[in-house]
Amino acid sequence: LTINAMSLELDGTLHDYYDGQHHLAERKIRFVGNAQKRIKEDYLRILRYFRFFGRISKSPDTHDEDTLADIRETAIGLADISVERIWAEIKKILIGNYAPELFKLMYELGVAEYICKYTNNMY
């Protein structure tokens with residue numbers, strides 16, 4: 001995520017190679033470069049998208065449609081992520097803003113199918 005790719009030196013110098021400061025000011029979450037490529041490097045970035053969205057967005061419905069399409073197309077990759085890593089992100093999404101709306105959106109995008117896989121056979 002562009003806002004997560006910034007760094008700050010001890011003297012206050014900001015390093016922002018991907019326009020993260022601009023995105024942060026606009027309260028937008030963007031992947032660095034090609035979203036599908038970034039997600040495929042680590043599928044947990046899908047959940048991080050929702051976590052950071054819940055932290056900085058001023059509204060639950062200001063998602064970029066292209067980003068959501070990329071998440072929909074790559075959601076299956078979450079199937080191979082450990083439950084511990086998924087749960088660590090889920091806990092952070094739950095305490096952020098718009099948790100109900102974000103989980104509804106994850107369901108609509110097909111993400112929930114892969115993050116709830118451990119509970120599907122419990123009942």
Side-chain angles (χ1 to χ4, degrees):
L1 304 175
T2 60
I3 64 170
N4 205 28
M6 296 186 292
S7 64
L8 189 64
E9 292 190 24
L10 293 175
D11 67 2
T13 303
L14 176 68
H15 297 280
D16 179 14
Y17 305 106
Y18 305 104
D19 214 15
Q21 187 175 22
H22 175 74
H23 294 148
L24 185 58
E26 290 189 346
R27 299 185 174 272
K28 295 186 179 200
I29 302 298
R30 298 285 187 263
F31 284 95
V32 172
N34 179 287
Q36 285 196 31
K37 182 178 179 184
R38 289 288 93 74
I39 291 169
K40 289 176 181 177
E41 291 170 351
D42 182 2
Y43 289 98
L44 202 63
R45 287 183 174 142
I46 292 171
L47 298 182
R48 289 190 184 121
Y49 167 86
F50 291 105
R51 172 168 52 109
F52 280 94
F53 185 93
R55 291 181 74 185
I56 72 161
S57 181
K58 287 203 178 248
S59 173
D61 57 358
T62 57
H63 300 274
D64 176 72
E65 290 302 319
D66 291 335
T67 299
L68 296 182
D70 290 331
I71 289 171
R72 180 181 286 112
E73 290 180 32
T74 55
I76 192 170
L78 286 166
D80 294 326
I81 302 296
S82 72
V83 67
E84 293 84 8
R85 292 184 71 210
I86 288 175
W87 179 238
E89 291 298 323
I90 294 296
K91 287 189 291 188
K92 294 171 187 174
I93 294 168
L94 285 170
I95 62 172
N97 299 316
Y98 319 118
E101 293 90 346
L102 293 175
F103 277 95
K104 180 178 185 283
L105 180 57
M106 284 190 268
Y107 179 80
E108 292 169 359
L109 295 173
V111 172
E113 176 182 349
Y114 303 105
I115 62 174
C116 300
K117 64 184 177 182
Y118 297 101
T119 60
N120 286 342
N121 296 322
M122 291 180 67
Y123 304 100

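Both Ile90 and Ile71 belong to a common hydrophobic cluster when Ile, Leu, Val, Met, Phe, Trp and Tyr are linked at side-chain heavy-atom distances under 4.5 angstrom. Grouping the Ile, Leu, Val, Met, Phe, Trp and Tyr side chains by contacts below 4.5 angstrom, directly or via other members, places Tyr107 apart from Leu102. Linking ILVMFWY residues whenever their side-chain heavy atoms come closer than 4.5 Å, directly or via other members, places Leu8 and Phe52 in the same cluster.
A salt bridge (Lys or Arg N to Asp or Glu O under 4.0 Å) check over residues 33-47, counting only residues at least two apart or in different chains, returns the pairs Arg38-Glu41, Glu41-Arg45, Asp42-Arg48, Asp42-Arg85. For residues 90-102, no pair satisfies side chain to side chain donor-acceptor pair (under 3.5 Å), with sequence neighbours left out. Applying the ring-ring contact (aromatic ring centres under 6.0 Å, His included) test to residues at least two apart or on different chains, the pairs with a partner in residues 61-87 are Tyr49-His63, Phe53-His63.
At least one side-chain heavy atom of Leu14 sits under 4.5 Å from a side-chain heavy atom of Met6. Glu89 is not listed as a side-chain neighbour of Ile115, based on a closest heavy-atom distance of 4.5 Å or more. The side-chain heavy atoms of Asp19 and Arg30, taken from C-beta on, include no pair separated by under 4.5 Å. Considering only heavy atoms from C-beta on, Leu68 comes within 4.5 Å of Leu105 through its side chain. Thr2 is not listed as a side-chain neighbour of Phe31, based on a closest heavy-atom distance of 4.5 Å or more. Ile56 places a side-chain heavy atom less than 4.5 Å from the side chain of Ile3.
The number of heavy-atom neighbours closer than 6.0 Å to CD of Glu26, taken from other residues, nucleotides and ligands shown, is above 12. The environment of OH in Tyr18 is sparse: at most 12 heavy-atom neighbours from other residues, nucleotides or ligands sit within 6.0 Å. More than 12 non-hydrogen atoms from other residues, nucleotides or ligands lie less than 6.0 angstrom from CG of Leu94.
Put simply, CD1 on Ile29 and CG on Leu24 are 8.0 Å apart, with the number rounded to the nearest 0.5 Å. To the nearest 0.5 Å, the span separating CZ on Arg51 from CD1 on Ile93 amounts to 8.0 Å. Note: Tyr43 OH to Ile81 CD1 = 8.5 Å, rounded to the nearest 0.5 Å. Interatomic distance, Arg72 CZ to Glu108 CD, rounded to the nearest 0.5 Å: 8.5 Å. Note that CG of Leu47 is 6.5 Å distant from CD1 of Ile86, once rounded to the nearest 0.5 Å. The CD1 atom of Ile39 sits 3.5 Å away from atom OG1 of Thr74, with the distance rounded to the nearest 0.5 Å.
Nearest heavy atom pair, residue Gly110 against residue Ala75, reads O-CB, 4.0 Å. Annotation for Val32 and Ala5: closest pair CG2-CB, 4.1 Å, computed over non-hydrogen atoms.
Here the side chain of Asp70 pairs no donor or acceptor atom with the backbone of Ala35 at under 3.5 angstrom.
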